[in-house]
Amino acid sequence: MTTERTGCGVPRKEHAGNSMTVYGWVDRRRDHGGVIFIDLRDRSGILQIVINSDKAHEAYEQAKDVRLEWVLKVTGELRLRDAEAVNPNKATGEVELHVSSCEVLARAATPPFPVNEDSEVEESIRLRYRYLYLRRERIQRNLRQRATFVHALRTAMMEQEFTEIETPLLIRATPEGARDYLVPSRISPGSFYALPQSPQLYKQLCMVGGLDRYFQIARCLRDEDLRADRQPEFTQLDIEMSFITEEDIFQVLERTLSSSWKAAEFNGELPSKFPRMTWREAMDRYGVDKPDVRFGLELVDLAPVFRNTSFKVFADVLAKGGVVKGIVIPGGCDIPRSDMEHTYMDIVHRARAHGLTYLYYREEGWVGPAAKFLSEEEWTTFASLTKAKTGDAVVIVADTPGRTAAALGALRNHLGAARKLFDPSENAILWVTEFPMFERDEDTGAIGALHHPFTMVHADDIDKMTEDPLMVRSRAYDIVMNGREIGSGSIRITNPDIQRKVFEALAISPEDQQRKFGFLLEAFEYGPPPHGGFAAGIDRLIMEGLREENIRDVIAFPKNQQAQELMTMAPALVDDAQLRELGIATLPNPRHELSTTPS
RNA sequence: GGCCCCGUGGUGUAGCCUGGUCAAACACGCCACCCUGUCAAGGUGGAGAACGUCGGUUCAAAUCCGAUCGGGGUCGCCA
């Protein structure tokens, strides 16, 4: 069947005169009475089929009843079209297949939405009939480019002497991090496996095992709420290397990603070296740890202006160790006060900052709620720090360093999008390095690991671990692209003394250390090589590469926001017998129980 | 768990703010017929939704209010 098959998108004028057989779906049909045109579609493209009642009567009788999405086998002779019949908009537009026989291989019900065009359809319908949505040209192209990209990643890794290793899917539940998906064990009733959030621990054990250079195109599963760029199961390019420093990892990623990007013919290109920025610098200049550097609007430290201010709110903040920072918005005088008071204020409040104030630099001078508080001297400082021009506006937030950064960082991202301040075809990729080792939970006050507890501490900061843990930098790094976190990694701790100090800083008792991570600590007693690695989110990279706004459009069978797969309707209830075998009993109405359980 | 947006024939939308003229309009699709050169074919005719669901306000509700369900976005969450 396939040996004599020609792809619908393949024929060109040089094939004219050839007899051929094509198979495919009816993309469109144009019935002129005595002659019927059918656009036949397969994954390679679309070919116009001509069925003439005089010349192929039997085929014509067949084709009369054909409808959209029917599956046909068509044999005929490829001919050049008359000059006036050429369609320059189609790859096969210079030729057409004159049919001698037309066989209906399958009929099709009327599709629930248009398959032959890239029109909007409600997400639930797309997901319910995913197999039909997959017929659309756009998603087929996305998935094909995805395959090319992943293939290129794999090739690049092999060329760099990495070994692809499969790690288990049924693993021990990890105590920290995201919520686990649990899998009950039949043989050990009451016990559960977890599905991996990432192969983190196994890849480190591969290093202890002497494999030296590991990689995997790894599925990762996290039971957390979904977002436009987040699915509960996703794919990572997972890497771990021994006897290396950051530089080696950076080089592998830069080489691998930029070459694969090119191979997949993704949007634009990636540089052969990614710029670097420390976490400190990212926070100071952009207010976020994943800056979108396609546009400016950098944060300006305005503390020098308000050092001796009569404006009580700012004075209080500064006295308590807070900061005053602002963003200069070029041409911002066109922003209505209502936006400042409502839209921007909401953004700032969501970041838990107290509020913002603003100043317009109009022809007649600075105008705004805070204008009256500045002395002549302060205006001079203000002008030199902001370098604002007539027509600009400045928004100012005063709060703790963290909240100020969060508020202005969020506002900056909003402004960048709302005021179209960047070229959407640009790829702004960079390394963000030297993340803090620890962070304090604002609500509980507890110290936690920002990356994970096996992240190596920056050599200069080991001494600060006990007295000033929040100032300790780590050897963790992220790749950030267009304001989106693409992946992260770190050099790992292999020194037991340092590991112990980290656990102490995190207030994890020796008993808990043993219980939670005992197997890793034990492995590290047997000569662990210095090592480190990285994990890059493949779905997100593809989103950026294809300029898709939603991760669902780069995944063949994605889930909806409730983490359901609407085609097969998973998750679903299972038989009591199945549960009994696993030693599991469910609450009578899980949904109800959950909603009434205080959290 | 919070917040925001959406829910009208198979699909996409209009109508909803300013309730009655709406057993609801338009495009595509669907059905029938006509048509031998189109390519988003064309023409003629036709079927198809009581406006997600429930409740309320009102003489009167697609239109107002409440709840609920479904879809999406987002904050929390994602070491």
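Proteins come first, then strands; the chains are lettered A, B, ... in the order of their sequence lines, and each starts at number 1.
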Tell me which nucleotide among [options] gets nearest to the side chain of [X].
| X | options | answer |
| --- | --- | --- |
| A:R30 | B:C39, B:G71, B:C77 | B:C39 |
| A:E439 | B:G71, B:G76, B:A79 | B:A79 |
| A:Q200 | B:C39, B:G37, B:A79 | B:A79 |

[N]: pairing nucleotide in any strand, Watson-Crick or G-U under 3.5 angstrom:
| N | answer |
| --- | --- |
| B:G7 | B:C69 |
| B:A25 | B:U13 |
| B:C64 | B:G56 |

Practice item. Could you tell me whether the side chain of A:R350 has a donor or acceptor atom within less than 3.5 Å of a complementary atom in the base of B:C75? Key: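 Between B:C75 and A:R350, which were checked side chain against base, a qualifying N/O pair under 3.5 Å is absent.
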Review point. So does A:N560 reach the base of B:G72 with its side chain, donor to acceptor, closer than 3.5 Å?
Key: no
Taking only the side-chain nitrogens and oxygens of [X], find out if one of them lies under 4.0 Å from OP1 or OP2 of [N].
| X | N | answer |
| --- | --- | --- |
| A:R81 | B:G37 | no |
| A:R552 | B:G73 | yes |
| A:R179 | B:A79 | no |
| A:Q48 | B:U38 | no |
| A:Q564 | B:G71 | yes |
| A:R227 | B:C75 | yes |
| A:Q197 | B:C78 | no |

Review point. On RNA chain B, nearest-nucleotide positions of A:V35 versus A:S124: which is more 5'?
Key: A:V35
Point to revise | Comparing A:N550 and A:E224 on RNA chain B - which has the more 5′ nearest nucleotide | key: A:N550
Between [M] and [N], how far apart are the [atom1] atoms? Round to whole Å, please.
| N | M | atom1 | value |
| --- | --- | --- | --- |
| B:A47 | B:U38 | C1' | 27 Å |
| B:G1 | B:C51 | C1' | 32 Å |
| B:G15 | B:G9 | C1' | 15 Å |
| B:A49 | B:U8 | C1' | 7 Å |
| B:A67 | B:U18 | C1' | 26 Å |
| B:C16 | B:G2 | P | 31 Å |
| B:G29 | B:A60 | P | 42 Å |

Checking [X] side chain against [Y] main chain: does a donor-acceptor pair fall under 3.5 Å?
| X | Y | result |
| --- | --- | --- |
| A:S53 | A:G34 | yes |
| A:Q499 | A:P453 | yes |
| A:R128 | A:R126 | no |
| A:S474 | A:F435 | yes |
| A:D539 | A:T235 | yes |
| A:D82 | A:E84 | no |
| A:D180 | A:L182 | no |

Check your understanding: Only one of A:L470, A:V457, A:L506 clears side-chain contact (heavy atoms from CB on, under 4.5 Å) with A:M437; which?
Key -> A:V457
Check your understanding: Looking at A:L408, A:L356, A:V397, which hits side-chain contact (heavy atoms from CB on, under 4.5 Å) with A:I327?
Key -> A:L408
Enumerate all atom pairs, one protein N or O and one N or O from nucleotides 46-48 of chain B, separated by less than 3.5 Å.
none

The criterion is salt bridge (Lys or Arg N to Asp or Glu O under 4.0 Å); which residues satisfy it with [X], sequence neighbours excluded?
| X | value |
| --- | --- |
| A:R492 | A:E240 |
| A:D478 | none |
| A:E341 | none |

Say whether [X] and [Y], considering side chains only, have a donor N or O and an acceptor N or O under 3.5 Å apart.
| X | Y | answer |
| --- | --- | --- |
| A:S119 | A:E117 | yes |
| A:D292 | A:Y286 | no |
| A:E246 | A:T433 | no |

Have a look at [X] and say if it touches a base, only the backbone sugar-phosphate, or nothing, with a 4.0 Å heavy-atom cut-off.
| X | result |
| --- | --- |
| A:E549 | nothing |
| A:D82 | nothing |
| A:R126 | nothing |

Check your understanding: Got a sec, which residues hit side-chain hydrogen bond (donor to acceptor under 3.5 Å, both in side chains) with A:S44, two or more places apart in sequence or on another chain?
Key -> A:D42
Practice item. Please identify each residue that fulfils side-chain hydrogen bond (donor to acceptor under 3.5 Å, both in side chains) with A:R403, with sequence neighbours left out. Key: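 Here the qualifying residues are A:E442.
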Under a 4.0 Å heavy-atom cut-off, which of [range] touch RNA chain B?
| range | answer |
| --- | --- |
| residues 503-523 of chain A | none |
| residues 84-100 of chain A | A:A85, A:V86, A:N87, A:K90, A:E96, A:H98 |
| residues 451-458 of chain A | A:H451, A:H452 |

Point to revise | Per-nucleotide protein contact string for nucleotides 30-35 of chain B (B base, S sugar-phosphate only, - none; heavy atom under 4.0 Å) | key: SSS--B
Practice item. At under 4.0 Å between heavy atoms, which parts of nucleotides 7-13 of chain B does protein reach? Answer with one letter per nucleotide, 5' to 3': B base, S sugar-phosphate only, - none. Key: ---SSS-
Check your understanding: In whole Å, what is the span from the CG atom of A:L221 to the P atom of B:C77?
Key -> 21 Å
Revision key, fill the gap. Separation of B:G76 atom C1' from A:L226 atom CG, nearest Å, is 14 Å
Revision key, fill the gap. Distance col, row A:R41:CZ vs A:L68:CG, nearest 0.5 angstrom, shows 9.0 Å
Check your understanding: Measuring from A:R222:CZ to A:E233:CD, what's the distance to the nearest 0.5 Å?
Key ->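 Here the interatomic distance stands at 13.0 Å.
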Exercise for review: With sequence neighbours excluded, tell me which residues meet ring-ring contact (aromatic ring centres under 6.0 Å, His included) with A:F454.
Suggested key: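 Scan of A:F454 (ring-ring contact (aromatic ring centres under 6.0 Å, His included), adjacent residues dropped) gives A:H452, A:F517.
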Review point. Is A:I249 close to A:I239 at the side-chain level, that is, under 4.5 Å between some pair of heavy atoms?
Key: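 A:I239 does not reach A:I249 side chain to side chain.
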Point to revise | Salt bridge present between A:R473 and A:E434 (N-O < 4.0 angstrom) | key: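 Yes.
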